[in-house]
Amino acid sequence: MATDLRLARLSGFFGFFRGGFMPLGLFALVAVGVHAAADVVDDRLLTLVDGLDAWADGLLASREATAAWVDRVGPLQRTLIARALALSWELAVDVLVVLPQLGYGEQDETERRYSLVKETWRTLLGRLNRTPTPMRLVRPLVTAVFAAGGAYAVARLVESTLFVALETDVAPPAVAEVVARGLGWLALVLVTGRLGWRAVLRALEHADAACEARVKRAKSPWPVGLWGSVLSLPLAVALTLEAQSLLALVR
Amino acid sequence: MFRTSSRGLLDFLAAALCLWAAAWHTPVGALTRSAVAKVAGSRSTARPLLAYFSGGLYDAREVEVPLPATVLPDDLPSLELPLASPGASLGRGAWAVLARPGGVTSEAEALRARFGLGPVDSPEAVASVLERARAEFGTDDAAVLALFAGPELARYAVSRARAEGDRPTLEALARQLPPGRGPVIEAASQALMLGTAYSLSWPVAPGTRVTSPFGFRTHPTLGTQHLHTGVDLSVPEGTAVKVVADGVVKRASEDAVNGKVVIIDHGRGVTTAYCHNSRVLVTTGQTVRAGDVISESGSTGRSTGPHLHYQLELGRRPVDPFIFRGRKAVVVELPAPPTPPKPPGPSKALKAAFDQVAIPPEGTEAPP
């Protein structure tokens with residue numbers, strides 16, 4: 001009973017600061033997922049850069065005047081170019097798609113009672129059905145993929161960190177592995193259950209607000225956020241194709 | 001739209017886990033940590049931004065190439081070198097890393113003790129430990145990881161990588177390790193890279209004359225210092241060029257400098273290139289086995305004399321292939337041809353591109 005009370009007090013104490021840590025947590029969750037996706041495309045970008053370099057070398061070599069430029073870009077430079085491209089891609093998606101997560105806000109009962117517009121996920125979905133735009137369609141989908149990837153990455157880190165911590169002195173390796181796996185699972189459920197859905201809904205909320213602002217200026221909402229959608233969609237697809245690793249949780 | 005909850009412990013825990021993961025494992029986190037360190041006037045522990053991509057496992061840092069085991073006098077005309085077995089090569093590669101300052105790690109000692117073997121004090125001893133570890137963990141990559149990270153962590157990483165449907169390569173295993181294991185992964189990657197390099201055979205008959213060795217040399221036409229990124233082996237036109245290890249053809253093409261060129265990816269950050277061929281017998285993407293004939297040597301590209309430019313790259317950086325033959329290259333000085341009057345010939349820009357051949361174009365200048 002006393003423990004329950006202490007936990008409730010502790011929880012209430014943290015609740016006081018949720019306006020600070022919730023937006024940061026949402027941002028971090030989606031950013032980890034975006035990095036996991038960028039890590040997937042990194043090697044494919046290198047293959048692409050190598051292929052482009054071979055093609056350019058062939059083109060340059062065909063004329064005597066440009067033949068001197070053949071092999072000017074060495075393998076190390078090609079690696080740096082590919083990795084810098086992956087990093088730029090990731091940072092661009094962070095700015096265009098992940099940063100709006102920091103705009104996450106909550107209302108208490110009094111604020112809700114007196115607010116003029118009472119938004120719910122139903123009203124957002126209603127507008128999505130009536131006026132589907134690329135931003136309204138793509139942002140929640142890619143955010144869901146990134147949030148799932150992020151939650152899995154967090155769970156994997158928790159599991160491996162706990163395994164090492166437990167296996168060293170506390171428990172035999174077999175026991176440490178089972179305990180770490182269980183706590184990894186718990187981390188996945190916790191992060192998805194407390195933050196995952198909020199990140200997706202926040203992405204829809206942001207997309208809806210951006211589109212509505214454009215409609216109010218009597219302009220078509222279609223081009224809003226197109227760059228973010230175009231850049232994030234391939235990363236989300238790449239991460240989805242790697243989703244077989246999620247099955248590892250049940251193996 | 002979101003209702004405020006009066007409680008926040010679980011939300012705080014979830015947010016804290018995400019922030020921890022983002023801070024240590026994303027470039028955005030690295031940027032933030034660097035900025036915080038700058039404001040606080042302390043030293044940031046963030047890695048360079050490009051090092052946060054796992055694809056760079058083998059090329060993140062320049063490999064420390066060991067010195068040749070034996071140095072022979074330059075005037076020895078021919079070398080016949082015994083090839084090391086794959087296990088022995090891996091032992092040499094791992095020993096080259098273990099023998100650096102810092103010495104044999106406690107993890108290596110733990111692995112040795114686990115198998116009841118003697119002290120890890122030579123390439124042969126390391127090879128024995130790795131052989132036993134390979135039998136237990138299934139692959140060379142896992143065995144080498146066990147040597148540097150300890151057997152339990154390696155076993156855990158193998159089991160998780162297999163559960164994710166990955167082959168237990170070092171890349172897949174590294175993804176399963178907890179934070180702070182960067183130095184271990186780096187040591188294992190270097191050991192595997194060096195071990196693979198030690199296992200390479202030679203593309204033409206061992207003892208073939210070297211007309212231009214690896215390293216900085218005075219450029220034959222410009223008179224300035226340039227890095228010659230491979231070794232030039234003097235072979236007659238049409239000589240069969242054999243691939244030095246199993247791999248995949250990464251490039252089979254022709255250009256004005258390298259001529260008909262084949263580049264083979266052997267995995268673990270090791271690639272080899274064979275330039276100036278007269279015929280290429282493989283196509284890009286083809287899988288080749290050690291000893292397969294991939295081309296016939298020639299004198300295409302910026303070359304006037306038949307030779308093979310053989311290049312070895314570790315972590316996408318060129319290194320002297322003779323280091324891994326255990327001997328110093330034997331350089332044969334060619335007699336300088338009489339210097340004819342300089343023709344109106346190639347432009348300065350073209351000369352700049354001419355840095356990969358043993359003998360300059362006929363009628364320009366004497367060989368280096």
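Chain A is the first sequence line, chain B the second, and so forth, proteins listed ahead of strands; every chain is numbered from 1.
- If you measure heavy-atom distances from Leu162(A) to chain B, you find no contacts under 4.5 Å at all.
- Residues Ala187(A) and Leu17(B) approach most closely at CB-CD1, 4.1 Å, considering heavy atoms.
- Within the 4.5 Å cutoff, side-chain heavy atoms of Asp53(A) are placed close to those of Arg251(B).
- Contact annotation for Leu124(A): only side-chain heavy atoms (C-beta onward) come within less than 4.5 Å of a heavy atom of chain B.
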- Please step through side chain to side chain contact (heavy atoms under 4.5 Å, CB included) for the pair Arg316(B) and Leu46(A), ending with a clear verdict. CA-CA 12 Å; Arg316(B) 296 177 82 85; Leu46(A) 184 56; 3.9 Å; yes
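- Contact of Leu177(B) with chain A is made through the backbone alone, with heavy-atom distances under 4.5 Å.
- Taking every heavy atom of both residues into account, Arg18(A) and Gly8(B) meet most closely at NH1-CA, 3.9 Å.
- Interface residue Leu13(B): backbone and side-chain heavy atoms are both found under 4.5 Å from chain A.
- With a threshold of 4.5 angstrom between heavy atoms, Trp197(A) approaches chain B through side-chain atoms but not through N, CA, C or O.
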- Task: Dump the intermediate steps for side chain to side chain contact (heavy atoms under 4.5 Å, CB included) on Val158(A) and Trp20(B), then the final yes or no.
- Result: CA-CA 10 Å; Val158(A) 168; Trp20(B) 167 66; 4.1 Å; yes
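- With a 4.5 angstrom heavy-atom cutoff, Ala38(A) touches chain B via backbone and side-chain atoms both.
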- Using the side chain to side chain contact (heavy atoms under 4.5 Å, CB included) rule, take Leu87(A) and Phe53(B) through it: C-alpha gap first, then chi angles, then the decisive distance, then the call. CA-CA 9 Å; Leu87(A) 176 66; Phe53(B) 294 93; 4.0 Å; yes
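- The most heavy-atom pairs under 4.5 Å with chain A, out of Ala23(B), Cys18(B), Ser159(B), Ser253(B), come from Cys18(B).
- With a 4.5 Å cut-off on non-hydrogen atoms, Leu195(A) touches chain B through its side chain but not through its backbone.
- The contact between Arg175(B) and chain A is made by backbone and side chain atoms together, counting heavy-atom distances below 4.5 Å.
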- Message: With salt bridge (Lys or Arg N to Asp or Glu O under 4.0 Å) as the criterion, how do Glu167(A) and Arg155(B) come out once you've worked through the C-alpha distance, each side chain's angles and the decisive distance to 0.1 Å?
- Response: CA-CA 12 Å; Glu167(A) 174 267 330; Arg155(B) 194 184 54 76; over 6 Å; no
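- Classification of the Tyr156(B)-Phe163(A) ring pair by plane angle, with boundaries at 30° and 60°, yields parallel.
- Considering only heavy-atom pairs separated by less than 4.5 Å from chain B, the leading option among Ala28(A), Gly25(A), Ala8(A) is Ala28(A).
- Highest contact tally toward chain A, considering only Leu9(B), Asp11(B), Leu19(B), is held by Asp11(B) [criterion: heavy-atom pairs under 4.5 Å].
- For Phe17(A), no part lies under 4.5 angstrom from a heavy atom of chain B.
- Ranked by heavy-atom pairs shorter than 4.5 Å toward chain A, the options Ala157(B), Pro27(B), Ala22(B), Ala21(B) are led by Pro27(B).
- Taking CG from Asp50(A) and OG1 from Thr284(B), the interatomic distance works out to 11.0 Å, rounded to the nearest 0.5 Å.
- Per-residue counts of heavy-atom pairs under 4.5 Å with chain B were compared for Ala82(A), Ala31(A), Gly105(A), Ala176(A); the largest is that of Gly105(A).
- Neither the backbone nor the side chain of Trp24(B) comes within contact range of chain A; no heavy atoms are under 4.5 Å apart.
- In this structure, the portions of Ala86(A) lying under 4.5 Å from any heavy atom of chain B include both its backbone and its side chain.
- If you measure heavy-atom distances from Leu91(A) to chain B, the contacts under 4.5 Å come from the side chain alone.
- For chain B, the nearby part of Thr120(A) is the backbone; its heavy atoms alone come within less than 4.5 Å.
- Classification of the Phe14(A)-Phe12(B) ring pair by plane angle, with boundaries at 30° and 60°, yields parallel.
- The contact between Val164(A) and chain B is made entirely by side chain atoms (from C-beta outward), counting heavy-atom distances below 4.5 Å.
- Atoms OG and CG, on Ser160(A) and Leu153(B) in that order, are 8.5 Å from each other to the nearest 0.5 Å.
- For the pair Arg160(B)/Arg181(A), a side-chain contact is recorded, criterion being any heavy-atom separation below 4.5 Å from C-beta on.
- Put simply, the side chain of His25(B) never gets that close to the backbone of Leu157(A): no donor and acceptor are under 3.5 Å apart.
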